[in-house]
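Worksheet: the structure to be examined is printed underneath.
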Amino acid sequence: MVKSKPVYAFEEADSKNRMLLGGKGAGLSEMTRLKLPVPPGFTITTEVCNKYYDNGKKLPKDVMPLVMKNIMNMERKTGKKWNSTKNPLLVSVRSGAAISMPGMMDTILNLGLNEKTVEGFAKQTNNPRFSWDSYRRFIQLFGKVVFGVNDEKFDNVLEAAKKKQGVKDDSKLNVKSLKNIVSEYKKICEKHTKRKFPDMPNEQLGLAIEAVFKSWMGERAVVYRRQNKITKDIANGTAVNVVTMVFGNMGDDSATGVVFTRSGHDGKRELEGEYLTNAQGEDVVAGVRTGKEIVELKKEMPQSYKELSKACMKLEKYFKEVQDMEFTIEQGKFYLLQTRNAKLAAESYVKTSVDMVKEKLIDKNRALTRIPPEQLEALLHKTIDESKIKKFKQFAKGIAASPGSASGIAVFDVKKAIELGEAGKKVILIRKETKPEDVPAFFPSQGILTSQGGKTSHAAIVSRGMGKSCIVGCTELQIDEKHNRCKANGITVKEKDSITINGTTGDVFLGNVPLIKPKKTKDFKTILSWAEKTKKIGVRANADTPIMAKLAREYGAKGIGLCRTERMFNEKDRIKIFVQMIMAKSLKERKKILEKLQKLQKSDFIGILKAMEGYKVTIRLLDPPLHEFLPDPYDSQKNKDKKNKQLLERARELAEINPMMGHRGVRVAITHPEIYRMQIKAVFEATAYLAKSKVDARPQIMIPQVGSVEELNHIKNIYNEVKDEMEKKFKRKFKINFGTMLEVVRACLTSDELADTAEFFSFGTNDLTQGVYSFSREDVEGKFLGKYMDEGIVEISPFQSIDESGVGNLMKIGIERGRKKQKDLEIGICGEHGGDPNSIKFCHSANVSYVSASPYRIPTAILAGAQAVIAKRNAKKSK
Ligand code: ADP
Ligand code: MG
Ligand code: MG
């Protein structure tokens, strides 16, 4: 391998190497190579970033000399001069990691200005007001990013200056006021740092580069990486891009904007985006002013629009992917400042995938791999019931930013949204705009509504990524954050008032509008059918009711991998009977009550087996400890009530120190065999019943918490007895598979023995993870897992994605030993990992027969299964 250099000019970098250059740097160098108009500049690599940290946060010695060499290069190309009093070269210093992390790291604009160059810049632009304004913006950004000065301090000075001069708009400030502001701004910085504000561009540049590197480990960025599972092998450090400044704020023939080459929202093949005349880039991105639709540009600046469209086509063709671009027009001259693969809403991913295959831009494999599997879930979410909409009053309209509808109570405060959302309330978060630090409030909210910003604003992009419905730029909404209320069209909405947002149309309604389940589009079906054909691994559902089973089947599940029988006992009318059973004083009494339960279970099984006709339904017998069904014995309220005395006594008797490793699953069945006997009977009865009406029911019985073949054999005997009894009763043979979960460490290690009895296995990866780590999930997640992740001890929660080297290895042992006995043994996995794309990829490579996931995650699992096949194929090819 060629040793990489610390610094690359855009035209000399290998733009394929995103890990080294970061996405922004790679995009800039690629556009430069494609002869698109990019201002000259260079990239300092991510390797330097890592060295910077290894070096105790000091730039390696060779970096600044190379940087200065490249600055000279830029001088040559632009004809401008670094630190010149006549024609100064100004630059932006921009962060950019291998994966785009919008708004998470820092960028500094207008660097190179000082008391002298600002005069040169005034001459160069023939506009002193403009150059002093640029200078004051620079000091503000530099102060904030490099020194960590609070923005508010600068804002106060700005407000005071406007008052003093008697103007309302920033743009009306005159040179005198601006000079004053500059000197005040510097004082703020100097007070903060206790040193003189750096005037030499070289020093400014060095400090700015370091600040960008530092922002990689900034809190925002670290949290974002954790939430988006961006690990070191995906993005390791940020690069720094130094780019010649161009100005979209040099008058009415200047503009700046962002554009998607196709609609990021529904995938239509038309430019989508917005721009502002006489503005700088960050104004559009931050949504400070709501921009004009990109089609307007066609009329307003036709020549630039033409260049933009041409660039869009060229880049899409080159990257074979929808692009998200930033452009700036400086006095009629068009520049590109960034391009990256666009983050799209689920609907847009699906449509553009199908379209681009039709256009022969990509093949089906690429069409499948470019869709983030977890996003498909968004397409299964609710939309407004249009037939009921007349009864509701429309409150306002904004820009549709992320599809799907949501209703809930209005909350204007980020902290409150988190509080209420986590307490189970349905929350619609309403803000003027959102910032990265607001992201934690997105998770527990149903939807997001902002009064400012466009389709590419922070709120829109983040919501899309999470599959939450979102409306932005709802300008008629006047938000009064102080008093927790908002007003539009003469109506006031206060905190906790119900509202409904439709992120597909931008409509906001008063009240809770009924929502309906989505229809699957033709393109969605097309994608799923391609994925279905490609994938190898089976996909089944975790479903406990006929409704969920039907839903899962509709979404493409071929069977049920986990039907939790205890969920059926938890229903209102049943829990009472179940408790009676636990409280029974004699075996005789218990058996009598079990007969009642048996009837109920039988009808449950009939429903679910029918809904999954023709496919296997894995029925897991009772799993939790019995005391889980009884009241909390230490509940002081209940203790006062005499009626509860016996219940509580029994609960105390059954209570355990560590119930998850206690008397549960097969262990309960060994002390109370009558319970499993009842459940097994119910399965046979249901099957016999359905056979009469020619329903092809395929139940299989699964025993939880098994750790030894002796335990399993013990239950197998009961099964055999019931089977004999049933075959006599119904005068027919039954073929109902008997299998076990592998969720106890010992079971995995002795799976060869278990395979003598079991006809199938299913990994319970939740319990297995708890066992392998000796982590009690609930305790760990609340207490220290977060810290582990902050410290990098654990990169992704093992409860979210299978821990391959620990749990995964144990699974491989379980599979290998089991299949040594039975070559074609069916081995699946159930539990939340079954719907996690990374875990599915692992399962595919470990030859797991199927994954089982919640109904809403079935399309995700199917697509992830296909992606696993394609990835393996591609890896083989590249070998
Ligand atoms: P982010 O990664 O947050 O998008 P960027 O580095 O792209 O940050 O920069 C923030 C804003 O500044 C963008 O709107 C970008 O277009 C603008 N910008 C960056 N560099 C320049 C430049 N050299 N000239 C003009 N505008 C710039
Ligand atoms: Mg950008
Ligand atoms: Mg379990």
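Start at 1 and go down the list; that is how both ligands and their atoms are numbered. Just so we're clear, the structure is a prediction, and the values are computed from it rather than from any experiment.
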Side chain to side chain donor-acceptor pair (under 3.5 Å) against S84, all qualifying residues, sequence neighbours excluded
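Listed in chain order: nothing, the list is empty.
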Can you confirm whether more than 12 heavy atoms, excluding those of E481, are under 6.0 Å from its CD atom?
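Atom CD in E481 is packed in, count exceeds 12.
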In terms of heavy-atom contacts, does CG of D233 have more than 12 from other residues, nucleotides or ligands at under 6.0 Å?
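Atom CG in D233 is crowded, with more than 12 foreign heavy atoms closer than 6.0 Å.
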Below 4.0 Å from any atom of ligand 1, is there a heavy atom belonging to K24?
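Yes, K24 has a heavy atom closer than 4.0 Å to ligand 1.
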Check ligand 1 against V243 and write out every atom of the ligand that is under 4.0 Å from a heavy-atom position of the residue.
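Answer for ligand 1: 23 (N).
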For the Mg ion (ligand 2), decide whether Q338 has an N, O or S atom at a distance under 2.8 Å.
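Yes, since at least one N, O or S atom of Q338 sits under 2.8 Å from the Mg ion (ligand 2).
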With heavy atoms under 4.0 Å as the rule, classify the contact between M245 and ligand 1 as side chain, backbone, both or neither.
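The answer is both.
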T107, portion touching ligand 1 at heavy-atom distance under 4.0 Å
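Just the side chain.
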Verify the ring-centre separation between F247 and F130: is it less than 6.0 angstrom?
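Distance test on ring centres: under 6.0 Å, yes.
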Of the choices G22, S92, G41, P39, which has the non-hydrogen atom that lies closest to atom 20 (N) of ligand 1?
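Nearest option to atom 20 (N) of ligand 1, by heavy atoms: S92.
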Can you figure out which of L90, T244, V246, V242 has its heavy atom closest to atom 25 (C) of ligand 1?
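Nearest option to atom 25 (C) of ligand 1, by heavy atoms: V246.
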Without hydrogens or angle criteria, can the side chains of Y349 and Q375 be said to hold a donor-acceptor pair below 3.5 Å?
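No, no side-chain donor-acceptor contact under 3.5 Å.
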Does one side chain, of T43 or K24, offer a donor that lies under 3.5 Å from an acceptor on the other?
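Short answer, no.
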Looking only at distances, can you tell me whether any N or O atom of S95, backbone or side chain, sits closer than 3.5 Å to an N or O atom of ligand 1?
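Checking ligand 1 against S95, no N or O pair falls under 3.5 Å apart.
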In chain order, what residues pass the ring pair (Phe, Tyr, Trp, His ring centres under 6.0 Å) check against Y335, with sequence neighbours excluded?
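With sequence neighbours excluded, Y335 shows a ring pair (Phe, Tyr, Trp, His ring centres under 6.0 Å) to no residue whatsoever.
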Suppose we only allow N, O or S atoms; which atom of E326 ends up nearest to the Mg ion (ligand 2)?
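Closest N, O or S atom of E326 to the Mg ion (ligand 2): OE2.
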